[in-house]
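So you know, we letter chains A, B, ... as the sequences are listed, proteins then strands, and number each from 1.
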Number of protein chains: 2
Amino acid sequence: MNIGDVARASGLPAKTIRYYEDIGLVQPLRSANGYRSFRESDLHKLAFLGRARALGFTIEDCRSLLALYEDDTRESASVKRIAEDHLRRIDEKIAQLQSMRTTLADLVQSCAGDHRPDCPILNDLGAPAAGEGGASCHGASD
Amino acid sequence: MNIGDVARASGLPAKTIRYYEDIGLVQPLRSANGYRSFRESDLHKLAFLGRARALGFTIEDCRSLLALYEDDTRESASVKRIAEDHLRRIDEKIAQLQSMRTTLADLVQSCAGDHRPDCPILNDLGAPAAGEGGASCHGASD
DNA sequence: CTTGACCTTCCAGTGAATGGAAGCCTTAGG
DNA sequence: CCTAAGGCTTCCATTCACTGGAAGGTCAAG
């Protein structure tokens, strides 16, 4: 299979597949013409990677998961640990976003959104109201 | 004020403040020795930026918000539009993370996490169970 | 022989910083 | 006067996971 076939079959862009080869996640063979030649097992790996990435695992997590997947002496505890760590990171992210969301929704709600310049959103960003409802949300945004 | 003072006062790392100058968000003066010299108004802007970033606004959003902040002929509708768009993006992100979370929590819950190799998490990533609970979560992860 | 769809490599850019190296400036102490 | 510490400067590289694009080789159909 050439890269285009694999892209269609796995749902991953060809660019991404090349990138995954670059960083050593898959090692397709090469045909005489220099084209990548993917085996079934490569396709299977790529599908695995696609699903793991869709669940938000980092590339390094994916590398570990793939190694465990191919290791029949693995302990499921190792897999679970990675998944639990990731779950925790997701929960943190959700909490952070929800905190932003609360503050932001308040601000949006309080803004008239008309032709006049008065704006509680800008007021808050310029100098958060002491005590209640300031944009005092902590933590990075990404 | 030198950059260190402003960093302490605004809570932003000096590196970040230099970066904000680089991309034109603040324009501190320079002292004879080449050091950046921040006015009160610069500090105020940086505090504004810090709060806007903490709410997850992008740098480009911040640039627009800052321009509106300094424009007394603004219409609050312009501000509200930016905030509403951002709120929508946050909601999308939360929804996406929650969908991941649901699938992942199911998988984690179903994994024994012991010394044996059998692992529903890897099984699912390797070939999602048809019908129910596959890692069929769509959309990018960042 | 040409066209068009593939494929290749390499380089650059994304967002929003962050880390580090190499080197000037300033101030306090000896 | 010399030195050491700490602050400041610039510039370059790195992060993460791709993505876009240029320049060019390959292949099958007409």
Side-chain angles (χ1 to χ4, degrees), chain A residues 1-38 42 46 48-66 86 89-90 93 96-97 100 138-142, chain B residues 1-38 42 46 48-66 86 89-90 93 96 100 139-142:
Chain A
M1 295 172 102
N2 283 348
I3 201 167
D5 309 312
V6 181
R8 267 180 296 280
S10 68
L12 295 171
K15 274 271 188 197
T16 299
I17 297 172
R18 286 193 201 100
Y19 171 67
Y20 286 174
E21 183 190 14
D22 242 40
I23 62 173
L25 287 178
V26 278
Q27 283 119 298
L29 304 173
R30 293 288 175 145
S31 307
N33 59 11
Y35 287 15
R36 286 170 185 81
S37 175
F38 295 84
D42 294 316
L46 287 166
F48 182 103
L49 289 169
R51 284 186 290 263
R53 290 288 300 129
L55 283 177
F57 285 105
T58 66
I59 289 287
E60 285 318 302
D61 282 346
C62 289
R63 199 189 294 282
S64 308
L65 289 171
L66 207 45
H86 180 43
R89 272 178 273 137
I90 287 182
K93 242 176 180 214
Q96 195 192 337
L97 285 170
M100 285 180 191
H138 286 298
S141 55
D142 54 353
Chain B
M1 295 173 100
N2 282 349
I3 201 168
D5 308 313
V6 181
R8 267 180 297 280
S10 68
L12 296 170
K15 274 272 189 200
T16 300
I17 296 173
R18 285 193 201 101
Y19 171 66
Y20 285 174
E21 183 189 13
D22 243 40
I23 63 175
L25 288 179
V26 279
Q27 284 120 293
L29 305 172
R30 293 288 174 144
S31 308
N33 58 12
Y35 286 17
R36 286 169 185 82
S37 177
F38 295 83
D42 295 316
L46 287 167
F48 182 103
L49 289 169
R51 282 186 291 263
R53 289 290 298 130
L55 283 178
F57 284 105
T58 65
I59 289 288
E60 286 318 303
D61 282 346
C62 289
R63 199 188 296 282
S64 308
L65 290 171
L66 208 45
H86 180 43
R89 272 178 273 137
I90 286 182
K93 242 181 179 205
Q96 195 192 337
M100 286 182 193
S141 56
D142 57 352

Length of the line joining Tyr35(A):OH and dG24(D):P, which is rounded to integer Å: 16 Å
Close side-chain approach of Asp42(B) to Leu29(B), heavy-atom, < 4.5 Å: no
Whole-Å gap separating P (dT9(D)) and CG (Leu29(B)): 13 Å
Give a yes or no on whether a salt bridge exists between Glu60(B) and Arg63(B), defined as a side-chain N under 4.0 angstrom from a carboxylate O. yes
Whether Tyr19(B) contacts dG15(C) is assessed here as follows: a side-chain N or O lying under 4.0 Å from the phosphate OP1 or OP2. Is that the case? no
Figure out the CD1/P separation between Ile3(A) and dA5(C), and round it to whole Å. 18 Å
So, is Thr16(A) near the phosphate of dT19(D), with a side-chain N or O under 4.0 Å from OP1 or OP2? yes
Please work out if Ile23(B) contacts a base, only the sugar-phosphate, or nothing of the nucleic acid, heavy-atom cut-off 4.0 Å. nothing
I'd like to know if the side chain of His86(A) reaches the main chain of Asp61(A), judged simply by a donor and an acceptor atom lying under 3.5 Å from each other, with no hydrogens or angles considered. no
Starting at CD1 of Ile17(B) and ending at P of dG7(D), how long is that distance when rounded to a whole Å? 14 Å
Arg30(A) vs dT9(C): side-chain N/O to OP1/OP2 distance below 4.0 Å: yes
Rounded to the Å, how far apart are Arg63(A) CZ and dC18(D) C1'? 14 Å
Starting at atom CG of Asn2(B), determine the distance to atom P of dT27(C), rounded to an integer number of angstrom. 10 Å
Would one find a side-chain N or O of Arg36(B) under 4.0 angstrom from OP1 or OP2 of dT10(D)? yes
Can you identify which nucleotide, out of dC18(D), dC8(D), dA17(C), has its nearest atom closest to the Ile59(A) side chain? dC18(D)
Looking at Arg18(B), does any N or O in its side chain come under 4.0 Å of the phosphate oxygens OP1/OP2 on dA17(C)? no
Correct closest heavy-atom pair for Tyr20(B) and Arg53(B) would be OH-CG, 3.5 Å
Under 4.0 angstrom between Tyr20(A) side-chain N/O and dC18(D) OP1 or OP2: yes
The answer to which of Lys15(B) and Asn33(A) contacts DNA chain C further toward the 5' end, by nearest nucleotide, is Asn33(A)
Closest to the side chain of Arg53(B), out of dC6(C), dC8(D), dA17(C), is dA17(C)
In whole angstroms, the gap separating P of dT19(D) from CD of Glu21(A) amounts to 17 Å
Between Arg36(A) and Arg30(A), is any pair of side-chain heavy atoms under 4.5 Å apart? yes
